[in-house]
*Asks:* 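Please see the structure below; I have some questions.
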Number of protein chains: 2
Amino acid sequence: MALRRTILIVEDEKPIREMVSFALGRAGYDLVEAGDVTEAFEQMSQKLPDLVLLDWMLPGASGIEFARRMKRDELTRDVPIVMLTARGEEEDKVSGLEAGADDYITKPFSPRELMARIKAVLRRASPEDEGGVIEVAGLKLDPESHRVVGGDVDVEIGPTEFRLLSFFMTHPERVFSRTQLLDRIWGRNAYVEERTVDVHILRLRKALLPSGFDGLIQTVRGVGYRLSSKT
Amino acid sequence: MALRRTILIVEDEKPIREMVSFALGRAGYDLVEAGDVTEAFEQMSQKLPDLVLLDWMLPGASGIEFARRMKRDELTRDVPIVMLTARGEEEDKVSGLEAGADDYITKPFSPRELMARIKAVLRRASPEDEGGVIEVAGLKLDPESHRVVGGDVDVEIGPTEFRLLSFFMTHPERVFSRTQLLDRIWGRNAYVEERTVDVHILRLRKALLPSGFDGLIQTVRGVGYRLSSKT
DNA sequence: AAAACGGGTGACACGATTGTGACAATATGA
DNA sequence: TCATATTGTCACAATCGTGTCACCCGTTTT
C-alpha cells in the first residue's frame, strides 16, 4: 500500500454517490463528494484529488465544461478523469474523451467494474511517484528502492513509519498536528486515535536510533511534531 | 529523449487518425498514416516504423492478416504492434495477441491512455533486445542462450521465472509492486491474481537456492519485491 | 501542593501480509 | 498420443504490522 489516494466524485444523484462512497471506502480510498460543479471546484481547491469521477449530466454547467476547465488549469491538468455516462450515449463518450477524460463507465455499473476502472486509470496516470533520493542532514530516503540510510547505517522501518518519515522529510522544519498527520498519512476517513500518532513517532525514533538520527523528529508540546536538523 | 520515434497508424476512419495524429505529434513522435493494408505495406517499405498502431477492422485484408505478415518477415518481425479494437470484442483481443500484437486499446480511447500504452510498449521493446550478459553480484544471465549461472552452478529455471529474474536484474535495487510486475512481465492483458506473483517469486528463490543466490530477491513488506545485493 | 495535562513507552491482541505445498488445467514436446 | 513441464489458484501456516491501552513521568494550571 503506497500513498493513500483521494477521489472526488461529482454527481448530483445522491444514491449513486453513496454507493460509490461505500465501494471506494471499503477499498481504501478517500472520497470527497460534490453535487455540482461549483461545489466540485471548491473541493478541488481544498485538496487536489488523485482522480475525478465525473457525471456527464449535471445541473448547471455540464461535465464536459468542467473537464475542459480542469484541463486548462496547470494545477488540475494532470488529474485523470473517469466519466459516468448514461447507457448508449455514444457521442458523450467521444466528446468526453476529446475533452480529456481518461475512461468512462456506463450507468448502471457494478462496484467491481468501478474499482477496476479506477485502479487501471490510477496506475496508468502516475507511473513514477516521485523523484530521486530525499536527503535531510545526512539521512537519506530512497523511494525507488524503498530504503532509508542514516550516515551509513541501514534503517529498518515498517510501511507506516516509512510514509511518516517520507512525509516529514519532504516537509522539513514544519510542525504538523496529530490531526494533520492522520489526514495526510492515514487518510481522511480513517478512524484512528490521535495517540496512535505518538506510538508511530516513537517507533520511528526507535528505528532511527542505531543511526543516531533520532532527535531529528522533535516534539512541539501542545502542537505536534516536526522534523528538524536544528536543535 | 534522444531518438525520434516513428509510428505507423493503419486505420480507415479518418477522425481517429486525426485525433491520434494530433496527440502523438504533440508528444514528439513522427506519425505515418495508412488507410488500408496496401498503403501500410508501402509505408513500411519506405521507412520501418518503431511501432505500428493497427486497427483490427479494416477494409480488405484484416488487421490480423497484416500482423501475421509482419511477424513472418525478418525485417518487420520485431516491430511492436498495438491493436485498436472495438469494445467487448474479446475474441479479437485473443486472436490479436496470438498473432503477435503487443498490446491493445479498446475504442473509444483517450489520448492519455494511448500515450501510456505506446510509451510502455516502446520501453519494453527497445532495451530488452540488446543482449549482453547481465550480471549482478556474480549472478549471470544470458538472454541469448536463455541460461542463468550463479557463481559456477547452473540455475534451472522456467520461462516465467526467467523473465522475472531478467526484469529484476535489469532494474536492480528497485522495489516493484505486484501490480507493476504483473504489468511488465505478464503484460496488461492477463487477468492474473496478484498473489500469483508471490508464488513465482517463491519458485525463483527456490531455483536460486542451489547457487546460494536466493536472498537476492527481497520482500519489502506492504510494498512489493526488490532485487538487491545489499542486505 | 494537588490536580490536570501532554507526551513517552511497553505490552498485547487482532488483522493483514507473505511463505509454502498441493492441485487442476494447460502447454509443450517426444 | 502420452508423458512431462509449466502455470495459475487455493488453503493453510507463519510472520509481521498496527492500533489501543495502561501506566509512568515531567510540566502546567488551579
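Below, all heavy atoms of this structure are taken into account, side chains as well, without hydrogens, waters or symmetry copies. Note that the structure is predicted; figures quoted are calculated from it, not measured. Proteins get letters first, then strands, A, B, ... in listed order; numbering begins at 1 in each.
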*Asks:* The side chain of A:Y225 lies closest to which of these nucleotides: C:dG8, D:dT7, C:dG21?
*Replies:* C:dG8
*Asks:* B:W186 has an atom CH2; how far is it from atom P of D:dT9, in whole Å?
*Replies:* 10 Å
*Asks:* To the nearest angstrom, how far is B:L182 atom CG from D:dG8 atom C1'?
*Replies:* 11 Å
*Asks:* By the 4.0 Å heavy-atom rule, please label A:E194 as base, sugar-phosphate, or nothing.
*Replies:*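 Answer is nothing: A:E194 stays at 4.0 Å or more from every strand.
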*Asks:* Assert yes or no for the condition that the ring centre distance of A:Y225 to A:F168 is strictly below 6.0 Å.
*Replies:* no
*Asks:* Counting only side-chain N and O atoms of A:K206, is one of them less than 4.0 Å from OP1 or OP2 of C:dG8?
*Replies:* no
*Asks:* Would you say B:T219 reaches C:dG19's phosphate, i.e. side-chain N/O to OP1/OP2 under 4.0 Å?
*Replies:*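 Checking C:dG19 against B:T219, a side-chain N or O does come within under 4.0 Å of OP1 or OP2.
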*Asks:* Can you tell me which nucleotide in D:dT7, D:dT18, C:dT20 comes closest to the side chain of A:T160?
*Replies:*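 So the side chain of A:T160 is nearest to D:dT18.
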*Asks:* Of the nucleotides C:dT9, C:dG19, D:dT7, which has the atom closest to the A:D198 side chain?
*Replies:*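 Given the options C:dT9, C:dG19, D:dT7, the side chain of A:D198 is closest to C:dT9.
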*Asks:* Between A:D214 and A:K206, is a salt bridge (charged side-chain N to carboxylate O under 4.0 Å, His left out) present by the stated rule, with each step listed?
*Replies:* CA-CA 7 Å; A:D214 65 310; A:K206 273 190 182 170; over 6 Å; no
*Asks:* Between A:F176 and A:F167, does the ring centroid distance fall short of 6.0 Å?
*Replies:*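 Yes, close enough.
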*Asks:* Within this structure, what is the NE2-to-C1' distance between B:H200 and D:dT7, rounded to whole angstrom?
*Replies:* 5 Å
*Asks:* Quick one: the side chain of B:R203 and the base of C:dG21, do they pair up donor-acceptor inside 3.5 Å?
*Replies:* no
*Asks:* Write down the distance between CG (B:L181) and P (D:dG8), rounded to a whole number of angstrom.
*Replies:*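 Rounding to the nearest Å, CG of B:L181 and P of D:dG8 are 13 Å apart.
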*Asks:* Rounded to whole angstrom units, what separation is found between the CZ atom of A:R178 and the C1' atom of D:dT20?
*Replies:*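 After rounding, the reported distance stands at 15 Å.
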*Asks:* Per the atom types in the model, does the base of D:dT15 pair as donor or acceptor with the side chain of B:R221 at under 3.5 Å?
*Replies:*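 Under the 3.5 Å cut-off, the side chain and the base do form a donor-acceptor pair.
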*Asks:* Roughly how many Å is it from CD in A:E193 to C1' in D:dT20, rounded to a whole number?
*Replies:* 7 Å
*Asks:* The side chain of B:P159 is closest to which nucleotide in this list: D:dT7, C:dG8, C:dG19?
*Replies:*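 Nearest nucleotide to the side chain: D:dT7.
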*Asks:* Less than 4.5 Å apart, any side-chain heavy atom of A:L8 and any of A:L51?
*Replies:* no
*Asks:* Note the angle between the end axes of the helix from C:dA1-D:dT30 to C:dA30-D:dT1, five pairs defining each, rounded to 10 degrees.
*Replies:* 20°
*Asks:* Run the salt-bridge test on A:D198 and A:R178 with the 4.0 Å N-O cut-off and return the result as yes or no.
*Replies:*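 Yes, A:D198 and A:R178 are salt-bridged.
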*Asks:* Does A:Y191 place a side-chain N or O at less than 4.0 Å from the phosphate oxygens OP1/OP2 of D:dT18?
*Replies:*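 No, A:Y191 has no side-chain N/O under 4.0 Å of OP1/OP2 on D:dT18.
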*Asks:* Ignoring the backbone of A:V192, work out which of C:dT18, D:dC10, D:dT20 is nearest its side chain.
*Replies:* D:dT20
*Asks:* For the pair A:E33 and A:R17, find out whether any cationic side-chain nitrogen is under 4.0 Å from an anionic carboxylate oxygen.
*Replies:* yes
*Asks:* Nearest whole Å is fine: how far is D:dG8 C1' from B:L204 CG?
*Replies:* 17 Å
*Asks:* Once you measure the plane-to-plane angle for A:H200 and A:W186, does it fall in the parallel (<30°), tilted (30-60°) or perpendicular (>60°) bin?
*Replies:* perpendicular
*Asks:* Using whole Å, what does the distance between atom C1' of nucleotide D:dT7 and atom CD1 of B:I201 come to?
*Replies:*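 About 15 Å, once rounded to whole Å.
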*Asks:* Within the pair A:R205 and C:dG8, is there a side-chain N or O less than 4.0 Å away from OP1 or OP2?
*Replies:*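 A:R205 to C:dG8 OP1/OP2: side-chain N or O found under 4.0 Å.
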*Asks:* Which sits closer to the 5' end of DNA chain D, B:R163 or B:R195, going by the nucleotide each is nearest to?
*Replies:*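 With B:R163 and B:R195 compared, the 5'-side residue is B:R163.
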*Asks:* Of B:G158 and A:G158, whose closest DNA chain D nucleotide lies nearer the 5' terminus?
*Replies:* B:G158
*Asks:* Does A:L165 reach the side chain of A:L141, with side-chain heavy atoms less than 4.5 Å apart?
*Replies:*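 Of all side-chain heavy-atom pairs linking A:L141 with A:L165, at least one is under 4.5 Å.
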*Asks:* Using a 4.0 Å heavy-atom cut-off, does B:E156 contact any base of the nucleic acid, only the sugar-phosphate backbone, or nothing at all?
*Replies:* nothing
